[in-house]
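Shown next, in structure tokens, is the structure this report addresses.
Remember, it's 1-based here, ligands and their atoms both numbered in the order they're listed. Everything numeric here is computed off the predicted structure, so don't read it as measured data.
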Amino acid sequence: MTKLSWTGFSKKTPLKRREHLKDNALLSQENQVLLDNDIQLSLETANQMAENVLGRFSLPFAICPDVMVNGDTYHIPMVTEEPSVVAAASYASKLIKRSGGFSAEVHNRQVIGEVALFDVADKEAAQLKIKEASNHLIALAKASYPSIVKRGGGPHRLWTEIKDDFLIVYLAVDTQEAMGANMVNTMMEALVPDLEELSAGKSLMAILSNLAAESLVTATCRLSIRCLSRDKNEAEYLANKMALASQLAQIDPYRAATHNKGIFNGIDAAVLATGNDWRAIEAGGHAYASHDGHYRGLSTWIYDQTAKELVGQLTLPMPVASCGGSIGLNPSVAVARDFLNNPDAKTLATIIVSLGLAQNFAALKALTSTGIQAGHMKLQAKSLALLAGATPEETKQVVKELITSKHMNQETAQAILKQIRKN
Ligand code: NDP
């Protein structure tokens, strides 16, 4: 377990932060050099990854230090453009570590693919025929992507469901260390001729589902309510309010969407940093949020009055990968993965879901106590100062004056900057 100190890390300059990493040998020498030299994706590689490429697009790359998951400490890379996200995650992770950190569990790791059949005259009869042929169909899917079977994975279970005009055939596939979109799509397409013949129908499409309901991960944490306030009564009051906030997100979809957006502030930043497909993770998370037919908050918080602890839990699909896609192509992803000691796909999933729960804790704590704007104002003022064209030295003064100004907006920032320069 790492015992280094992160006190004052947020106050350092980026160069001093890099020195801190070097002094504590947190990265391999090769990746430290990549970071020190701001080495980005090459134009040549970028041009292979997407179409009509003109250049590369940069975003801040940060870390949330000292996050304890299942007894191990991680420094989680985060790529985000939103102020206060990394600060909030760092604050929450520090508090949660003091109470023993997160425990996280991967329930399963299978990706689901589907073939939607239409124009099937007798769906029940077709369903029976497909069921009888399921061993043959699974063998066919295996033969279409033998390398994943050699790696110990591959298709495991095939089932059918009748939904309106469709007979849908689902296949659950163990994609091992990959996210598996391409391999599952290959398998589903390989099944189409046989499925059309068995059903005497036509295939509308064959594709993986991003509702990765068989790739669920749960993170849990228990915090002593003393971390909410030193005053016992206030701490209890705040713990009850956080539990109420959790209840609200279960019943009000307007609040649930924002509650979940806060969770994804952390999740997306780590998913992006580790080279994973954040659209797939977002789609899966939001679809899972309405798995019982009602869109709900993905996390819950309860106040355990006996233990005087706040108990948080977050469950969502997290089919992230440690290889495949663009993971091996981007040098920044190599640095990000190095921060996490190059975790396998399951470990990475537990880290990312824990970060989502930390982010959620910070948001709910702020919302139910000081309000969200108190913490955001300084960062917002900083963005306004930068947008107005302030230098790093001028920014400090502009922020100070903006915070106490009547209208904190772009116009005021420009007026303050103009006045500073005049003086
Ligand atoms: P790849 O097509 O890159 O396949 C995974 C690769 O990883 C294979 O080449 C595989 O080698 C290799 N590999 C090495 N070691 C392992 C291991 N231990 N376990 C598994 N694979 C290993 O990626 P995916 O199939 O994972 O697809 C992900 C990509 O698909 C992402 O870029 C995603 O954005 C995109 N995508 C997403 C869709 C969606 O979400 N709806 C739809 C379509 C595409 P080998 O072949 O030798 O086994």
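The nearest heavy-atom contact from the protein to atom 47 (O) of ligand 1 is Arg151 NH2, 3.0 Å. Nearest protein heavy-atom contact of atom 22 (C) of ligand 1 is Cys323 SG, 3.4 Å. Nearest protein neighbour of atom 33 (C) of ligand 1, counting heavy atoms only, is Asp277 OD2, 3.3 Å. Among protein heavy atoms, the minimum distance from atom 28 (C) of ligand 1 is reached at Met179 SD, 3.6 Å. Ranking the protein heavy atoms by distance from atom 43 (C) of ligand 1 puts Asn185 ND2, 3.8 Å first. Closest to atom 24 (P) of ligand 1 among all protein heavy atoms lies Gly180 N, 3.5 Å.
Put simply, no part of Ser326 is less than 4.0 Å from ligand 1, judged by heavy atoms. The closest approach between a heavy atom of Thr175 and any atom of ligand 1 is below 4.0 Å.
If you number the atoms of ligand 1 from 1 as listed, the ones under 4.0 Å from a heavy atom of Ser147 come out as 45 (P), 46 (O), 47 (O), 48 (O). With ligand atoms numbered from 1 in the order given, ligand 1 contributes 8 (C), 46 (O), 48 (O) to contacts under 4.0 Å with heavy atoms of Tyr145. The contact set between ligand 1 and Gly324, taken as ligand atoms under 4.0 Å from a residue heavy atom, comprises 3 (O), 5 (C), 6 (C), 7 (O). Close approach to Ile148 involves these atoms of ligand 1, each under 4.0 Å from a residue heavy atom: 20 (C).
Neither the backbone nor the side chain of Val184 comes within 4.0 Å of ligand 1, counting heavy atoms alone. Looking at Leu208 against ligand 1, only its side chain comes within 4.0 Å, counting heavy atoms. Contacts between Glu177 and ligand 1, counted as non-hydrogen atom pairs separated by less than 4.0 Å, involve both the backbone and the side chain.
Remark: Arg296 engages Asp292 in a salt bridge, criterion side-chain N to carboxylate O under 4.0 Å. Using a 4.0 Å cut-off between charged nitrogen and carboxylate oxygen, Glu161 and Lys123 do not count as a salt-bridge pair. Between Lys12 and Glu19, none of the side-chain N atoms (NZ, or NE/NH1/NH2) sits under 4.0 Å from a carboxylate O, so this pair counts as no salt bridge. Electrostatic pairing of Asp277 and Arg279 counts as a salt bridge here, judged by a charged N lying under 4.0 Å from a carboxylate O.
A donor-acceptor contact shorter than 3.5 Å is absent between the side chain of Asp338 and the backbone of Ala334. Not one N or O on the side chain of Arg151 forms a donor-acceptor pair closer than 3.5 Å with the backbone of Gln176. Side-chain atoms of Asn108 do not come within 3.5 Å of backbone N or O of Ser215 as any donor-acceptor pair.
Annotation: Ile207 places no N or O atom under 3.5 Å from an N or O atom of ligand 1; distance criterion only.
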Report task. Mind running side-chain contact (heavy atoms from CB on, under 4.5 Å) on Leu310 and Arg222 for me, showing each step along the way? Result -> CA-CA 6 Å; Leu310 195 58; Arg222 299 185 73 96; over 6 Å; no
Under the ring pair (Phe, Tyr, Trp, His ring centres under 6.0 Å) rule, what do Phe361 and Trp301 come out as? Steps first, then yes or no, please. CA-CA 9 Å; Phe361 170 82; Trp301 292 89; 5.7 Å; yes
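Across Gly325, Ala178, Ala181, heavy-atom proximity to atom 30 (O) of ligand 1 is greatest for Ala181. Closest heavy-atom approach to atom 29 (C) of ligand 1 among the candidates Asp344, Asn182, Ile281, Asn210: Asn182.
Looking at Leu208 and Ile112, their side chains never come closer than 4.5 Å, going by heavy atoms from C-beta outward. By the 4.5 Å heavy-atom criterion applied to side chains, Thr80 and Leu59 are not counted as neighbours.
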